[in-house]
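As structure tokens, the structure follows; a few thoughts come after it.
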Amino acid sequence: MRSPSRWQLTGALVIIVAVGAAASSTRVAPEATTQFITDAAGRDLVQHGFSTAGSAKGSPDGLPDFTVQDLDREHVDMGTNFVRFLISWRAVEPEKGVIDEGYLDAVEERVGWYADRGYHVMLDMHQDLWGSAITPSGTSGNGAPAWATHLDELPVEVGDMWELVYLEPGTIRAFDNFWNTTGAHPELTDHYVSAWKAVAEHFADNDAVVAYDLMNEPYGGTLQGVAFESGPLTTLYQRATDAIREVDQSTWVCVEPQAFGFNWGLPSALGAIDDARDGDPRIAFCPHLYPLPMDLGEGFAGSSKGLVEGTVTQWTFNVLRTAEVLGKGEGAVPVILGEFGLDTTSEGAEEYVRLVYETADAAGMGVAYWSRDAGSWGPYETDGTARTLVDWLVRPYPRAVAGLQSWESEPKKLTFTVGDVDAGKGSAEVYLPPTVFTAKPKVDGGQVRSWDAASGILTLTVPTDATVTITP
Ligand SMILES: CN(C)c1ccc(C(=O)NC[C@H]2N[C@H](CO)[C@@H](O)[C@@H]2O)cc1
């Protein structure tokens, strides 16, 4: 299949952005969400962390190439508090109907590393291009097990753009069989739902695991857009949520839109998910952001910069609109930007990273950067040398705050507002970069409880309906 030229795809983007701008001119979405995933103490969480890690996609044991020493380094260098931890269906259920509890134990060991350091974890059932069995070499897809892979003898050609393998006949058929668009494999989604129930049963009582990301970048095969998202995708999310709630009443269920289009700024047709738990629903939204010009190798500069900025604006509108749909009239649900990232050597990379974090802050979103892997996208070189991204990600942020409403982060100032703080007993925890906050910070609007100069973590008590301002 001949690859569309960069300019054909970028031209498509111009149309997308123009249409989107027209559509978003009649704003029917909030400027931000004020709903958050909470910790065991009832505090509102703002996630700053990484997807960890892409290396899990191909590893024989399904675990990332990541050590507790790597985590200590990340914690000291960047003050992160969250991880989108990659797990896979092929590791959870390596044989049809057989759950590998040993794998889940190994995941639990790593979750313990994060828990011991005050982190919270979202388990990401990760797929890209279905699964490794779409080609004989096993080097293209990841996520789905071989026993669930049915290409029906259709071909899969792998070219120089990995994304285009999604358009191969065999790949499309694998997805069509999973979603049972073919009518030939109704059992596959049954197994996927049961796999999630097994994961939830394993982690139901683990306070460090705050969310389940039900499927990474879902793809509908021959079903795209409204037909896919409002149909089989919403149905699968509902079935998985119902199964999870049979064994786990507290962990949030985080859902993603289809990647194709939404990542670039197009709207989603995802339907609302009912949550049978006793108490307020715990459904969250975890979209990804990858503007098309940057996917095509353009930097955040020149003619590409304006297109990317327009994409980010439109994407934010669509995120909050979908979060409101998921909120079913009770306001936008909690939002985590589950993935964004780029080649940090590209032109304008630092400015783009800053734009994304400022956009997420203003919209009330947590952020997981893609990804924790070493290399030109990541925070460290393969030899462990810190890359410029480490400095770009270090910024003041509210980690866990009772009654959080909004916040604004500047290099030498953190401001946040709170409403009713009772649910979190007035407790707040923030991160202040130790290289900037070299002495006990100045706090207006709250009372300091503790300050750890080494980690940059400040805890304080905040009153109801307060604005808190923190400076060096
Ligand atoms: C055609 N389709 C369905 C498609 C195209 C492109 C992406 C993508 O770039 N995704 C962005 C990043 N996310 C994954 C991990 O979740 C990374 O491998 C991608 O760079 C996804 C789907």
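Just the heavy atoms: all of them, side chains too, but no hydrogens, waters or symmetry mates, feed the values below. Just so you know, ligand 1 is whichever comes first in the structure, and atom 1 is the first atom listed for that ligand.
- Near D295, meaning under 4.0 Å from any of its heavy atoms, are these atoms of ligand 1: 9 (O).
- For Q258, no heavy-atom contact with ligand 1 is shorter than 4.0 Å.
- If you number the atoms of ligand 1 from 1 as listed, the ones under 4.0 Å from a heavy atom of H126 come out as 15 (C), 16 (O).
- Nearest-residue assignment for atom 19 (C) of ligand 1 (options F262, F340, W162; heavy-atom criterion): W162.
- The ring-ring contact (aromatic ring centres under 6.0 Å, His included) with Y357 is formed by just one residue from the set Y352, F340, Y397, W392; it is F340.
- Side chains of D176 and T222: a donor on one and an acceptor on the other come within 3.5 Å.
- From F262, atom CZ reaches atom OH of Y290 across 13.5 Å, with rounding to the nearest 0.5 Å.
- Using modelled atom types, one finds a donor on one side chain and an acceptor on the other under 3.5 Å when comparing E217 with N263.
- Residue E339 has at least one nitrogen or oxygen atom sitting less than 3.5 Å from a nitrogen or oxygen atom of ligand 1, judged on distance alone.
- Look at E351 and K305 and you find a salt bridge, because one of the NZ, NE, NH1 or NH2 atoms lies within 4.0 Å of a carboxylate O, short of that distance.
- Residue contacts with ligand 1, taken as heavy atom pairs separated by less than 4.0 Å, do not involve L164 at all.
- With W370, F260, Y166 as candidates, the residue nearest to atom 17 (C) of ligand 1 on a non-hydrogen basis is W370.
- Annotation: W264 places no N or O atom under 3.5 Å from an N or O atom of ligand 1; distance criterion only.
- The distance criterion of under 3.5 Å between nitrogen or oxygen atoms is met by K57 with respect to ligand 1.
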Between Y219 and F228, does a ring-ring contact (aromatic ring centres under 6.0 Å, His included) hold up when you go through it step by step?
CA-CA 8 Å; Y219 178 66; F228 172 51; 7.7 Å; no

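- By the 4.0 Å N-to-carboxylate-O rule, K197 lies too far from D248 to be salt-bridged with it.
- Ionic pairing of D124 and R84 is present here: one or more N-O contacts between side-chain nitrogen and carboxylate oxygen are shorter than 4.0 angstrom.
- Looking at E256, E217, M294, it is E217 that brings a heavy atom closest to atom 21 (C) of ligand 1.
- Protein heavy atom in closest approach to atom 6 (C) of ligand 1: E163 CG, 3.4 Å.
- Shown in contact with Y219 at under 4.0 Å from a heavy atom are these atoms of ligand 1, numbered in order with element: 3 (C).
- Taking the ring centroids of H288 and W370, they lie at or beyond the 6.0 Å cut-off.
- Only the side chain of D128 comes within 4.0 Å of ligand 1, judged by heavy-atom distances.
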